[in-house]
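Quick notes on the structure that follows.
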Amino acid sequence: MANFLSRALTAVFVFSYGFFTIVLYGLIALKKGTYFKRPTEKEKLELELARDRLWNLSEDFEGLSHHILTLQSGFKFHFVANDKPNTPETINSDKPLVIFIHGFPDSWAIWRHILKSSSLRQAASLVAIDLPGYGGTESLDKYNATNVLEKLTELIITLRTQYGVDSSAESNKKRAIIVAHDWGCVLSMRLAAEAPALAHRFILSNGPTMKLIQDNIGRRLSTTKKMLGNAWRSPRDARVPLMQALRNLAPIGRQLFLSGYIFAMQLPVPFALHFLTGGNYSLLRGVHVRASGGKITPYDAAEGMASSMGPSVAEFKSKTNSGDSYPATLENERAFAHVMHMAGYYRDGAAIARWTKSIETITSLHSISGGNVLRRSSSGAGLFDNGPGLKASSTIVWGEQDIALDQRICLAGMADFLVDNSHIILLPRTGHWTPVEPESRAALIKAVEWAAQGEQGDVGAALEKSYPGVKVTARR
């Protein structure tokens, strides 16, 4: 009975807060005048051109070619790359492999500014993927942890082979690096914790690990309980502990407010769909405006929306040079109903649910590990006793002005989750969208170059060249 009551109260809270968020976001859009604003003919044309630039399989984008990779499981991934996969020159090249993984509500195209870097193209083979349900990649029935992480792991292992990182005779012949943002960061943190052999380094930007969030919230609630107990026992002196309790709860309250959109996505499909598409897609358009720092050109606005929307019917008919086409499911699912696939990551527990590895995944991970055992350094904090830490060398690059993630909840204590040769780097003038904001994307380019060129020298010094004032707050 107690469990039923608890679940019922939770469901009521989630629905109430999610509905409140929909109303709040709608009122904000109304106040800004964007809710009923219809696109002009010029804006429609800009969007049409942007979708052709980003999604036409027969045309390169700024020197990046499109590829459709069919895994052994039959699942189809779309990605762009500067070097053609599975060719003798690519396999035999000594260039490391760098895999970019995007977040919500984006696609491979959020990395477009970084992928244009000539120095980065010379230093590494660059691959930017679309996650399942996004862009040009096939959809899943459910976006639980097992479905998503199994497909993502199979893709990465296949790419490692096609770019010469592994072969039937030898593993880790050259470096593999994973660069991730937002939801890509959430998933990659799980990979770094549960499948660390996939990459020699993870570069992770503005996405949380749920175990750390749970620990930080739990500690603050426990401390607050003690403060309130002190206030109860000494009513005359209650003011100080009550104020301390409120200050201690403030980060939790702020994160709860910032996470309202997550609750909205838990609502029944009609509500969630309206939240994501209502008001001429005012939510998603607003995301791209915020990513640009509030000032956005029609060209950039069109590319941002084209990144989220994926290929249109026109691009669906295109083919790569090798004759591959988009998965058949995209023809009917990419008119923008696919936002529910995006929401599926939130609705189906991809961040927190258990990942049940298949025999094939376990065998593949063992094969590429090369017999090396990644060890962690003891922090003395005891966090590893309660859950998985990141077991691969990782560089956390965090924009301090993030409007979606409170640093005190999502980053405090992160050093205790890291192994040797890891870092936490703060970008003081940057918000959430590090791959898009000019200063932070320049810093990310330097971080990737540093990793691709063998991690020579200090990573903080490397980033300082393009981002003065960068702060390295933790080194392992």
Side-chain angles (χ1 to χ4, degrees), residues 56-101 108 111-112 114-130 135-138 151-179 191 195 197-203 318-327 360-361 363-372 445 448-456:
N56 189 334
L57 295 179
S58 63
E59 300 290 338
D60 287 358
F61 175 82
E62 302 281 350
L64 301 167
S65 55
H66 292 268
H67 302 275
I68 303 294
L69 177 57
T70 303
L71 304 178
Q72 286 189 347
S73 61
F75 191 83
K76 290 187 176 183
F77 270 95
H78 169 259
F79 66 90
V80 300
N82 65 322
D83 295 328
K84 189 176 180 180
N86 216 24
T87 62
E89 51 257 22
T90 297
I91 291 173
N92 296 325
S93 166
D94 60 358
K95 293 168 70 174
L97 169 64
V98 182
I99 301 172
F100 294 86
I101 307 176
W108 74 266
W111 304 103
R112 62 193 181 277
I114 291 174
L115 297 172
K116 292 177 184 178
S117 168
S118 58
S119 59
L120 202 52
R121 291 187 184 188
Q122 292 173 4
S125 293
L126 310 177
V127 171
I129 72 166
D130 289 334
T137 292
E138 198 167 350
K151 292 294 185 287
L152 190 54
T153 298
E154 186 182 0
L155 170 69
I156 294 169
I157 290 172
T158 304
L159 289 172
R160 284 172 61 104
T161 300
Q162 294 197 351
Y163 280 86
V165 177
D166 307 309
S167 68
S168 57
E170 185 181 358
S171 295
N172 297 297
K173 293 187 293 183
K174 53 187 180 183
R175 293 174 61 78
I177 301 155
I178 290 175
V179 185
L191 296 179
L198 287 174
H200 298 83
R201 176 162 298 278
F202 289 78
I203 299 176
S318 64
K319 293 187 177 182
T320 66
N321 292 334
S322 56
D324 293 319
S325 57
Y326 284 117
E360 293 79 9
T361 295
T363 302
S364 297
L365 290 173
H366 177 74
S367 175
I368 67 173
S369 67
N372 296 321
I445 289 172
V448 177
E449 286 180 351
W450 170 83
Q453 294 168 355
E455 304 185 2
Q456 301 298 314

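Position 1 is the first residue of the sequence, and the numbers go up from there. All values derive from a computational prediction rather than experimental measurement. Side chains are part of it too, since the values below use all heavy atoms of this structure and drop only hydrogens, waters and symmetry mates.
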TODO: Take His66 and Ser318 through the test side chain to side chain contact (heavy atoms under 4.5 Å, CB included) and record every step on the way to the result.
DONE: CA-CA 11 Å; His66 292 268; Ser318 64; over 6 Å; no
Open item on the list: Any heavy-atom pair between the side chains of Leu191 and Ile156 that's under 4.5 Å?
Closed with: yes
Open item on the list: Would you say that Leu152 contacts Ile129 through its side chain, given a criterion of any heavy-atom pair below 4.5 Å between the two side chains?
Closed with: yes
Task: Asp130 side chain to Gly136 backbone, donor-acceptor under 3.5 Å - done: yes
Open item on the list: Looking at Glu138 and Lys151, is any side-chain nitrogen of the basic one under 4.0 Å from a carboxylate oxygen of the acidic one?
Closed with: no
Show the atom names and distances, to 0.1 Å, of all donor-acceptor pairs under 3.5 Å that link a side chain in residues 68-75 to residues at least two apart or in another chain.
residue	atom	partner	partner atom	Å
Ser73	OG	Glu154	OE1	3.0

Open item on the list: Side chains of His200 and Asn172, heavy atoms from C-beta outward: is any pair under 4.5 Å?
Closed with: yes
Open item on the list: Within this structure, what is the OG1-CG distance for the pair Thr320 and Asp60, rounded to the nearest 0.5 Å?
Closed with: 11.0 Å
Open item on the list: Can a donor-acceptor pair be found, under 3.5 Å and without considering hydrogens, that links the side chain of Ser369 to the backbone of His366?
Closed with: yes
Open item on the list: Please find the pair of heavy atoms, one from Arg160 and one from Ala199, that lie closest to each other, and give the distance.
Closed with: NH1-N, 4.0 Å
Open item on the list: Using 30° and 60° as the class boundaries, would you call the ring planes of Trp108 and Phe61 parallel, tilted or perpendicular?
Closed with: perpendicular
- [ ] Working to the nearest 0.5 Å, report the span between OG of Ser118 and CD of Glu62.
- [x] 12.0 Å
- [ ] Identify, with sequence neighbours excluded, every residue that meets ring-ring contact (aromatic ring centres under 6.0 Å, His included) alongside Phe202.
- [x] none
Task: Donor-acceptor under 3.5 Å (Lys84 side chain, Glu89 main chain) - done: no
Open item on the list: What's the separation between atom CD1 in Ile99 and atom CD1 in Ile203, rounded to the nearest 0.5 Å?
Closed with: 12.5 Å
Task: Point-to-point distance, once rounded to the nearest 0.5 Å, from CG of Leu120 to CD1 of Ile445 - done: 6.5 Å
Open item on the list: I need the minimum non-hydrogen distance between Gln453 and Ala123, along with the two atoms involved.
Closed with: NE2-CB, 4.0 Å
Task: Gap between atom CG of Asn321 and atom NE2 of His67 - 0.5 Å precision - done: 8.5 Å
- [ ] Determine the minimum heavy-atom distance between Lys95 and Lys174, stating which atoms define it.
- [x] O-CD, 3.2 Å
Open item on the list: What I'd like to find out is whether the side chain of Asp324 reaches to under 4.5 Å of the side chain of Leu57, using heavy atoms alone.
Closed with: no
TODO: For Ser171 and Ser367, work out which heavy atoms get closest and say how close.
DONE: OG-O, 3.0 Å
TODO: Could you grab the distance from atom CG of Asp166 to atom NZ of Lys173, nearest 0.5 Å is fine?
DONE: 8.0 Å
Open item on the list: With heavy-atom distances below 4.5 Å as the criterion, would you say the side chains of Leu159 and Phe79 are in contact?
Closed with: yes
- [ ] For residues Val80 and Arg112, determine if any side-chain heavy atom of one lies less than 4.5 Å from a side-chain heavy atom of the other.
- [x] no
Task: Closest heavy-atom pair and its distance - Ile157, Leu198 - done: CG1-CD2, 3.7 Å
- [ ] Considering non-hydrogen atoms only, spot the tightest contact between Asp83 and Ser125 and give its length.
- [x] OD2-OG, 2.8 Å
